[in-house]
Amino acid sequence: MKFHVRMDVAIPPDLDPQVRAEMVHREKLYSQQLQRDGKWPHIWRIVGEYANYSIFDVDSNDELHHILSGLPLFPYMKIHVTPLAVHPSDVNAG
């Protein structure tokens with residue numbers, strides 16, 4: 001199952017800088033492992049924002065929820081999920 005996910009991050013400006021740096025580091029490690037595992041095949045930065053558009057390829061809604069809620073920055077995110085389906089006009093769809 002594929003999902004388009006927009007993640008907007010709003011880390012509180014008064015968060016301890018060391019705590020912030022550690023959390024961002026853990027976020028990077030977590031997300032890169034998911035990319036290597038094929039669960040997070042695409043991620044794009046949204047220019048001028050602390051936000052991204054991503055594509056997730058997971059087995060279920062529950063798996064996606066588990067992945068997203070496991071993000072270290074999850075408490076500071078606004079997330080919008082859109083389920084995707086193959087378009088009948090896609091020349092690459094098999």
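- Within 6.0 Å of CZ on Arg45 lie no more than 12 heavy atoms contributed by other residues, nucleotides or ligands.
- Asn52 and Ser54 form a side-chain donor-acceptor contact under 3.5 Å, judged by distance and modelled atom types alone.
- Lys39 places a side-chain heavy atom less than 4.5 Å from the side chain of Ile67.
- A single hydrophobic cluster is seen to contain both Leu84 and Trp44, as judged by linkage of ILVMFWY side chains at heavy-atom distances under 4.5 Å, directly or through other members.
- Using modelled atom types, no side-chain atom of Gln33 and backbone atom of Leu29 make a donor-acceptor pair closer than 3.5 Å.
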Met77 vs Glu27, test: side chain to side chain contact (heavy atoms under 4.5 Å, CB included). Steps then yes/no. CA-CA 12 Å; Met77 289 182 173; Glu27 180 88 7; 3.3 Å; yes
Solution key, residues 7-19 side-chain donor-acceptor pairs under 3.5 Å, sequence neighbours excluded:
residue: Asp8; atom: OD1; partner: Arg6; partner atom: NE; Å: 3.2
residue: Asp8; atom: OD1; partner: Arg6; partner atom: NH2; Å: 2.8
residue: Asp8; atom: OD2; partner: Arg6; partner atom: NE; Å: 2.8
residue: Asp16; atom: OD1; partner: Gln18; partner atom: N; Å: 2.9
residue: Asp16; atom: OD1; partner: Val19; partner atom: N; Å: 3.0

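- When the side chains of ILVMFWY residues are joined at heavy-atom separations under 4.5 Å, either directly or via intervening members, Ile43 and Val81 end up in a single hydrophobic cluster.
- One distance of note links CG of Asp57 with CG of Leu34; it measures 12.0 Å at 0.5 Å rounding.
- Annotation: side chain of His25 is not in contact with side chain of Arg20 (no heavy-atom distance under 4.5 Å).
- The OG atom of Ser31 sits 8.5 Å away from atom CZ of Arg36, with the distance rounded to the nearest 0.5 Å.
- When the side chains of ILVMFWY residues are joined at heavy-atom separations under 4.5 Å, either directly or via intervening members, Tyr53 and Phe3 end up in two distinct hydrophobic clusters.
- Criterion: ILVMFWY side-chain heavy atoms under 4.5 Å apart, direct or through other members. Under it, Ile46 and Val24 are not part of a common hydrophobic cluster.
- For the salt bridge (Lys or Arg N to Asp or Glu O under 4.0 Å) test, no residue two or more places apart in sequence or in another chain qualifies with Asp90.
- For the ring pair (Phe, Tyr, Trp, His ring centres under 6.0 Å) condition, no pair includes a residue of residues 63-94, sequence neighbours left out.
- Once rounded to the nearest 0.5 Å, the distance linking CZ of Arg26 with CG of Leu71 reads 11.0 Å.
- Note that the CD1 atom of Ile55 and the NZ atom of Lys2 stand 9.0 Å from one another [nearest 0.5 Å].
- Ring centers of Phe56 and Trp40: under 6.0 Å apart, within the cut-off.
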